[in-house]
**Student:** 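Here it is, the structure, as structure tokens.
Computed from a predicted structure; not experimentally measured.
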Amino acid sequence: PADDWSYLVCWARCCTSAYLKMNAEEFLPYISSHASIDAFCAQEVDPMAKDADHLQIKALSTFFGVPVCVVYLDQSDGDVAAEHQEGGDADCLFPAVHLLYRPGHYDLIYPL
């Protein structure tokens, strides 16, 4: 059932929130709309009805050691979409997860 995914999403949110809090000094400079990492997590990471943003994706990717490649579809100049690689290292055994970013939304994509 569809509800089964909710448990996995909730668990991923808990992992993300914990990683952000344990590494607050690394992430705090990127948070301007909240007074603290705890406040950010309480309002942006922990609630199930919130979409993940770049900071949450970076934290989850780093926590699991899985690289993420974000392809930006944002009307930038040029014929090629901009890509940004996050996480992973030369010894990483996992293939990158590819995400397509359209302003305000991420989609999982499968590169050809």
**Student:** Classify the angle between the aromatic ring planes of Y101 and Y106 as parallel (below 30°), tilted (30 to 60°) or perpendicular (above 60°).
**Tutor:**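 Judged by the thresholds at 30° and 60°, the geometry between Y101 and Y106 is tilted.
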
**Student:** Any non-hydrogen side-chain atom of Y19 less than 4.5 Å from a side-chain atom of L60?
**Tutor:**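 The answer is no; the side chains never approach within 4.5 Å.
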
**Student:** Where do S36 and A39 come nearest, in terms of heavy atoms and distance?
**Tutor:**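 Heavy atoms of S36 and A39 come nearest at OG-N, 3.1 Å.
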
**Student:** State, with a plain yes or no, whether a side-chain heavy atom of I109 is found less than 4.5 Å away from one of L99.
**Tutor:**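 When only atoms from C-beta onward are counted, L99 and I109 do not touch, as no gap falls below 4.5 Å.
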
**Student:** Does the side chain of F27 come within less than 4.5 Å of K21's, by heavy atoms?
**Tutor:**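 K21 vs F27: side chains apart.
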
**Student:** Which one of S17, C14, C10 satisfies the side chain to side chain contact (heavy atoms under 4.5 Å, CB included) criterion with D46?
**Tutor:**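 With D46 as partner, side chain to side chain contact (heavy atoms under 4.5 Å, CB included) holds for just one option, S17.
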
**Student:** Looking only at heavy atoms, which two atoms of Q85 and C69 are closest? And how far apart?
**Tutor:**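 For Q85 versus C69, the nearest heavy atoms are OE1-CB, 3.6 Å.
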
**Student:** Spell out, yes or no, whether F94 and V70 are grouped together once hydrophobic residues are joined by side-chain heavy atoms under 4.5 Å, including indirect joins.
**Tutor:**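 Both belong to a single hydrophobic cluster.
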
**Student:** According to a 4.5 Å side-chain heavy-atom criterion applied to Ile, Leu, Val, Met, Phe, Trp and Tyr, with indirect links allowed, do L108 and V68 form part of one hydrophobic cluster?
**Tutor:**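 L108 and V68: one cluster.
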
**Student:** Where is the tightest heavy-atom contact between C41 and P47, given as atom of each residue plus distance?
**Tutor:**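 Where C41 meets P47 most closely, the heavy atoms are O-CD, 3.9 Å.
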
**Student:** Between E86 and H84, do the side chains contain a donor N or O and an acceptor N or O under 3.5 Å apart?
**Tutor:**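 There is such a pair (donor and acceptor under 3.5 Å, judged by atom type) between the side chains of H84 and E86.
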
**Student:** How about W11 and F63: are their ring centres within less than 6.0 Å of each other?
**Tutor:**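 Between F63 and W11, which both carry aromatic rings, the centre distance is not below 6.0 Å.
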
**Student:** Determine whether R13 and K50 make a side-chain contact, defined as any pair of heavy atoms from C-beta on separated by less than 4.5 Å.
**Tutor:**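 Contact flag for R13/K50 side chains = yes.
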
**Student:** To the nearest 0.5 Å, what is the distance between CD on Q56 and OG on S61?
**Tutor:**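 Output value for this atom pair is 13.0 Å.
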
**Student:** Say whether V45 and V9 are linked into one hydrophobic cluster, either directly or through other cluster members, by side-chain heavy-atom distances under 4.5 angstrom.
**Tutor:**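 Cluster IDs for V45 and V9 differ.
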
**Student:** If we only count heavy atoms from C-beta on, is the F40 to D38 side-chain gap below 4.5 Å?
**Tutor:**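 In short, these two side chains do not touch, never coming nearer than 4.5 Å.
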
**Student:** Taking all atoms of both residues into account, what is the closest heavy-atom pair of H98 and A96, and its distance?
**Tutor:**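 Where H98 meets A96 most closely, the heavy atoms are ND1-O, 3.3 Å.
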
**Student:** Is there a path from M22 to V66 through hydrophobic residues (I, L, V, M, F, W, Y) whose side chains come within less than 4.5 Å of each other?
**Tutor:**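 The answer is no; the residues belong to distinct hydrophobic clusters.
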
**Student:** For the CD1 atom of I37 and the CD atom of E26, what is their distance to the nearest 0.5 Å?
**Tutor:**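 Spacing of CD1 (I37) from CD (E26) equals 9.5 Å.
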
**Student:** Please tell me if the side chains of R102 and D107 come closer than 4.5 Å, counting only heavy atoms from C-beta onward.
**Tutor:**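 The answer is yes; the side chains approach within 4.5 Å.
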
**Student:** Looking at every heavy atom in both K58 and T62, which two are closest together, and how far apart are they?
**Tutor:**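 The pair with the smallest heavy-atom distance is O-OG1, 2.8 Å.
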
